Protein chains: 2
Amino acid sequence: MVVDQLSDAELDGLFQALSDGTRRDIIARVLGSDGGYSVSGLAAHYAMSFAAVQKHVAVLERALLITKEKRGREQIVRAHPEGLGKARRLLDEYEGIWRQRVRRIEEILTEG
Amino acid sequence: MVVDQLSDAELDGLFQALSDGTRRDIIARVLGSDGGYSVSGLAAHYAMSFAAVQKHVAVLERALLITKEKRGREQIVRAHPEGLGKARRLLDEYEGIWRQRVRRIEEILTEG
DNA sequence: CTAACCTACAACCAAATGGTTGTAGATCAG
DNA sequence: CTGATCTACAACCATTTGGTTGTAGGTTAG
């Protein structure tokens with residue numbers, strides 16, 4: 001399998017979204033919440049401006065790692081691990097190839 | 001478990017390293033090779049300068065995704081999926097939390 | 001020895017990133 | 001209605017990133 005049909009650009013965005021500690025923390029926080037977080041609810045936890053957190057949320061949304069849902073004047077952020085799965089499957093594939101390779105080398109060494 | 005002891009900076013570097021198509025291609029190429037690639041052997045495959053590929057290799061090395069081994073005048077690049085595993089384990093953990101949450105919600109709905 | 005090759009690294013440049021402040025439109029509370 | 005709150009978005013700035021060219025040092029081939 002060629003790992004879904006995820007385009008290069010999609011993967012770029014996915015891994016790039018995951019490459020920032022604040023964004024990973026937002027993911028963890030949202031995953032660990034029951035009802036989700038409003039954007040300002042999230043922003044309250046970080047030592048940066050609201051707008052900065054807003055941008056991080058936008059990056060995560062583009063990468064399909066979260067979704068936003070309007071509720072009144074708030075925008076509720078929830079986990080949407082579709083992107084998560086895609087990224088993990090690529091790493092799985094890489095690791096699979098690696099393990100296969102290690103196994104082959106061991107075979108060659110043992111069976112001589 | 002708190003996913004090894006990988007520091008934020010380590011994860012930043014890991015995911016950032018994975019967020020570029022050329023670098024992912026280098027990983028795939030090296031994983032798929034038997035003896036590894038020299039840096040210029042790699043560079044031959046990309047429409048960019050040798051120095052650019054050299055920089056990509058350096059990024060991957062810092063992220064523990066590959067290793068370089070000097071052999072004569074060449075530098076042999078090999079896969080070193082330690083970083084790979086770390087990244088995958090974090091995504092696994094995220095997905096685990098998600099699945100747990102989905103299960104809990106289903107329980108609440110069914111046992112109502 | 002000399003020439004070719006492989007690598008390292010510095011200096012430079014354009015574009016993207018992560019942050020800021022400021023402005024403005026909705027929505028809710030009193 | 002009015003004021004406070006939540007969000008969106010633009011403009012700006014410093015730093016990082018991904019690329020370039022150029023120079024220099026080690027290693028191999030002839």
Side-chain angles (χ1 to χ4, degrees), chain A residues 7-30 33 35-63 65-78 80 83, chain B residues 7-30 33 35-63 65-78 80 83:
Chain A
S7 67
D8 257 26
E10 225 179 326
L11 283 173
D12 287 4
L14 259 168
F15 286 117
Q16 210 266 336
L18 289 166
S19 75
D20 180 280
T22 301
R23 287 196 290 265
R24 287 194 303 274
D25 196 78
I26 290 177
I27 293 177
R29 195 176 292 277
V30 165
S33 85
Y37 272 86
S38 71
V39 180
S40 45
L42 281 173
H45 294 85
Y46 304 101
M48 65 185 76
S49 69
F50 171 81
V53 174
Q54 212 180 7
K55 279 194 191 179
H56 283 305
V57 169
V59 171
L60 291 171
E61 195 181 14
R62 256 180 278 129
L65 288 166
I66 61 156
T67 55
K68 283 192 301 186
E69 184 189 342
K70 195 160 196 162
R71 199 174 59 190
R73 67 181 158 183
E74 291 182 333
Q75 200 80 258
I76 303 300
V77 177
R78 290 211 177 73
H80 176 54
Chain B
S7 67
D8 257 26
E10 225 179 326
L11 284 173
D12 287 4
L14 260 167
F15 286 117
Q16 211 266 334
L18 289 166
S19 75
D20 180 277
T22 302
R23 287 196 290 265
R24 287 194 302 275
D25 196 77
I26 291 177
I27 292 177
R29 194 175 293 278
V30 165
S33 86
Y37 272 86
S38 71
V39 180
S40 44
L42 280 173
H45 293 86
Y46 304 101
M48 65 185 75
S49 68
F50 171 82
V53 174
Q54 213 179 6
K55 279 194 192 178
H56 283 305
V57 169
V59 171
L60 291 171
E61 195 181 14
R62 255 180 277 127
L65 287 167
I66 61 154
T67 55
K68 283 191 301 186
E69 182 189 344
K70 195 160 198 163
R71 198 175 60 190
R73 67 181 157 182
E74 292 182 332
Q75 200 82 257
I76 303 300
V77 176
R78 291 211 177 73
H80 176 54

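Order of the sequence lines fixes the chain letters, A, B, ..., with proteins taken first and strands second; residue numbering starts at 1 for each chain. Keep in mind that this is a model prediction, so the values were computed, not measured.
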Do side-chain atoms of E10(B) reach the backbone of S7(B) as a donor and acceptor pair under 3.5 angstrom? yes
Both D20(A) and R73(A) contact DNA chain C. Which one's nearest nucleotide lies toward the 5' end? D20(A)
Among V30(A), I27(A), I26(A), side-chain contact (heavy atoms from CB on, under 4.5 Å) partner for L65(A): I27(A)
If each of K70(A) and K55(B) is mapped to the nucleotide of DNA chain C with the nearest heavy atom, which maps nearer the 5' terminus, i.e. the 5' end? K55(B)
salt_bridge(R29(B), D25(B)) N-O dist < 4.0 Å: yes
Please determine if a side-chain N or O atom of Q16(A) lies less than 4.0 Å away from the OP1 or OP2 oxygen of dT16(D). no
Judged by atom type as modelled, is there a donor-acceptor pair below 3.5 Å linking the side chain of E61(B) to the main-chain atoms of A58(B)? no
Send over the distance from L42(A) CG to dC6(D) C1', rounded to a whole Å. 13 Å
Using a heavy-atom cut-off of under 4.0 Å over every strand shown, decide if S38(A) touches base, sugar-phosphate, or nothing. sugar-phosphate
Value in whole Å for how far the C1' atom of dG25(D) lies from CZ of F50(B): 13 Å
NZ of K68(B) versus P of dG26(D): gap in Å, rounded? 16 Å
Using a 4.0 Å heavy-atom cut-off, does S49(B) contact any base of the nucleic acid, only the sugar-phosphate backbone, or nothing at all? base
In whole angstroms, how far is the P atom of dC6(D) from the OH atom of Y37(A)? 15 Å
Base, sugar-phosphate or nothing for R71(A)? Non-hydrogen atoms, less than 4.0 Å. nothing
Opening and closing nucleotides of DNA chain C in contact with chain A, under 4.0 Å to non-hydrogen atoms: dT17(C) to dC28(C)
dT17(D) P sits how many Å from F15(A) CZ, rounded? 17 Å
Tell me: CD of Q54(A) to P of dC6(D), nearest whole Å? 13 Å
Whether Q75(A) contacts dC6(D) is assessed here as follows: a side-chain N or O lying under 4.0 Å from the phosphate OP1 or OP2. Is that the case? no
Between Y37(A) and H45(A), how do the two ring planes meet: parallel, tilted or perpendicular, split at 30° and 60°? perpendicular
Applying side chain to side chain donor-acceptor pair (under 3.5 Å), name anything that partners D8(A), two or more places apart in sequence or on another chain. none
Would you please indicate yes or no on a ring centroid separation below 6.0 angstrom for H56(B) and Y46(B)? no
